[in-house]
Amino acid sequence: MAIAPPLIAALAALAVLVTDLFLPAQHRKWLGRLAAAGLALALISLLPLTGGSPRATFCAQNVTGATDNTAGCSYVADHFALVFQLLALGGALIAALLSAHTVEDEKLPGGEYWFLLLASATGAALLPASRDLATLVIALEVASLPAFALVALRRDGRGAEAALKFFLSSVTATAVMLLGVGFVYAASGSLHLGAVATGLEQAPAQLKPLAEAGAVLTLVGFAFKVAAVPFHFWVPDTYTGAPLPVAGYLSVVGKAAGLAGLALAATIAFRPYAHTWGLVLAVLAAVTMTAGNVGALRQRFDTRHSAVRLLAWSSVGQAGYLLVPLAAAGYAPTATDPLGATAAYALIYGVVNLGAFGVVAAVGRRAGTSVDDFRGLFARRRWTALALAFFLLCLAGLPPGVIGLFGKVVVFQAAVDAGLGWLAVVMAVNVVVALYYYLLWTARLFAPADEAVTAAAPERRLPVSLTATLGLTASAAVVLSVAPQLVLQVVGGSLF
């Protein structure tokens, strides 16, 4: 039961791959339905794991440095794992719904697309429950390797370039991370996270520099997945070249996987160096949110694909906010206490960001994905425009996007409670700066439409899957804004 969520996603991937061999071409749309059903079943399998004590498996006996019953286990389904598995599998399900029309419209190979999406979701669901460095690395690669191929499936030239940039950056980060894991193992004598912490505390003085270097190098790989500066340069080009559902998937599920790995490695394995990585992550958070917002400010609205690039730079800025509670964890009395703020904000961000990508996909079917193509959208598609306006206000943290405002307040409070006043100030300044481009895009939606453009490109009826995606994400955002306690209760207490 503990391994059911990633296991069901993996079995669904194999089922899609085998079914594709025998299914006639005219029935290939059923592959998407099978993939969505598999992800929905994986989500349902989380329910029996809620409540009660954590479940652990793949446990080794008599692990050196183990301090509790689960310290020697490689897989633990605790509250932390369940929250991030909900985000990973839920985000993958929304991306699958968003992909149904894209696979058909862009003539993407259906069998390969759905298999790769499910395989990547399997790695993203495995990673939050991993409790040793080897399993963390394997889960991260299982989540990443199919994503390279997903980006490259678009056959217009941009896909190959985007995938190559994504691949080279990721491989470099992974190589550095593996070197760091080797250093940490040499210094601590263990790969299990809890035992690594004990080993680092007891390591001989001559191994301290090796251990500290290993900790920093290990965190590099996860910082890449989160798209933290300076590992963010791949994001705009990759999101632009990838199919839109894949870009949305990477912005939410890929970021969630990296965030979970970063939290596990830092707060459990590298607990003895909490003040060191706490300061590093604080600086990283400040630089990342600033770079993302500056990049978004410099983005011209009349260029091709500017809407996607703007969301890409926005996701870099949002990554900086997500890192703030992790940095605060380095200064908290119990390192795991502020992690609830990161989990809560990640859940909020996942819903509204995937919704925004859904609206961009809807508008892109008629015109293009330039921000100027959204001018007058309210006159053409009233509910679609209102949905995007609500998503953008949530990302900006403005009413009526109350859930976005609550999320930012929770993150801000985590920084203040940890004594990181300077980081709270940097965050406040960046939130104000981000208001400019979010509100400018929102204003485009309600501006007078160009009648000549409207007449030349009549509206097309949205596919059922795309309508369902927009309805699901918009409804979730509204419900959470009305009842924010549904997600903010994650903040209460430790996630472990």
Side-chain angles (χ1 to χ4, degrees), residues 98 102 105-106 151 154 156-159 161-163 165-166 227 232-252 255 288-320 349 352-381 384-385 387-396 430 433-450 452-454 456-457 466 470:
L98 188 59
T102 303
D105 291 351
E106 298 189 13
V151 172
R154 178 181 274 174
D156 60 356
R158 289 185 295 114
E161 180 184 354
K165 291 178 179 178
F166 185 22
H232 69 292
F233 290 108
W234 59 276
V235 174
D237 289 339
T238 298
Y239 285 15
T240 304
L244 266 175
V246 176
Y249 174 86
L250 290 175
S251 72
V252 173
K255 196 177 264 59
T288 299
M289 66 178 74
T290 303
N293 287 321
V294 169
L297 285 176
R298 296 180 65 240
Q299 181 63 52
R300 291 177 54 188
F301 282 9
D302 58 346
T303 58
R304 190 183 180 192
H305 309 300
S306 58
V308 181
R309 294 186 70 88
L310 192 62
L311 286 176
W313 283 114
S314 167
S315 74
V316 174
Q318 298 289 341
Y349 164 76
V352 297
N353 207 60
L354 281 170
F357 270 100
V359 175
V360 172
V363 174
R365 299 183 77 248
R366 172 188 177 274
T369 54
S370 164
V371 175
D372 283 344
D373 292 324
F374 290 78
R375 181 182 295 275
L377 182 63
F378 182 75
R380 305 193 307 268
R381 290 190 183 275
T384 303
L388 180 57
F390 191 71
F391 294 141
L392 292 175
L393 291 176
C394 285
L395 289 171
N430 273 278
V433 170
L435 292 178
Y436 175 76
Y437 59 84
Y438 284 130
L439 291 178
L440 210 58
W441 190 355
T442 304
R444 288 284 201 286
L445 305 176
F446 303 96
D450 189 334
V453 174
T454 303
L466 188 52
L470 296 182

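Remember, it's a predicted structure, so these values are computed and weren't measured experimentally.
In terms of heavy-atom proximity, Tyr249 sits nearest to Leu354 at N-CD2, 4.2 Å. Asp237 and Ala162 make their closest contact through O-CB, 3.5 Å (heavy atoms, listed as atom of the first residue, atom of the second, distance). When all heavy atoms of Leu297 and Val433 are compared, the pair lying nearest together is CD1-CG1, 3.3 Å. The two residues Lys255 and Ala227 make their nearest non-hydrogen contact at NZ-CB, 4.4 Å. The two residues Ala242 and Ala247 have their closest heavy-atom pair at CB-N, 4.3 Å. Here the closest heavy-atom approach between residue Leu98 and residue Pro245 is recorded as O-CG, 3.6 Å.
Looking only at distances, no side-chain donor or acceptor of Asn353 sits under 3.5 Å from a matching main-chain atom of Tyr349. Between the side chain of Arg309 and the backbone N or O of Arg304, no donor-acceptor pair lies under 3.5 Å. No donor-acceptor pair closer than 3.5 Å links the side chain of Thr288 to the backbone N or O of Ala319. Judged by distance alone, with hydrogens and angles left aside, the side-chain atoms of Thr240 form a donor-acceptor pair with the main-chain N or O of Pro236 at under 3.5 Å.
For the pair Trp313/Val235, no side-chain contact is recorded, criterion being any heavy-atom separation below 4.5 Å from C-beta on. The side-chain heavy atoms of Val360 and Phe374, taken from C-beta on, include a pair separated by under 4.5 Å. Between Tyr437 and Gln299, the closest side-chain pair of non-hydrogen atoms is not below 4.5 Å. The side-chain heavy atoms of Leu311 and Trp441, taken from C-beta on, include a pair separated by under 4.5 Å. Using a 4.5 Å heavy-atom cutoff, the side chains of Leu388 and Val363 are not in contact.
Summarising the geometry, atom CH2 belonging to Trp234 is positioned 4.5 Å from atom CZ belonging to Phe166; distances are rounded to the nearest 0.5 Å. Atom CG of Asn430 is separated from atom CG of Leu435 by 11.0 Å, given to the nearest 0.5 angstrom. A distance of 12.0 Å separates OG1 in Thr238 from NE2 in His232, rounded to the nearest 0.5 Å. Here CG of Leu445 is found 10.5 Å from CG of Leu440. Values are rounded to the nearest 0.5 Å.
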* To do: Before giving the answer on side-chain hydrogen bond (donor to acceptor under 3.5 Å, both in side chains), spell out for Tyr438 and Ser314 the whole-Å C-alpha distance, their side-chain angles and the decisive distance to 0.1 Å.
  => CA-CA 9 Å; Tyr438 284 130; Ser314 167; 2.4 Å; yes
* Asked: side chain to side chain contact (heavy atoms under 4.5 Å, CB included) between Leu393 and Leu439: does it pass, once the steps are laid out?
  -> CA-CA 8 Å; Leu393 291 176; Leu439 291 178; 4.0 Å; yes
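Ring-plane geometry between Tyr239 and Phe357 is classed as perpendicular, the angle between the planes exceeding 60 degrees on a 0 to 90 degree scale with a lower cut at 30.
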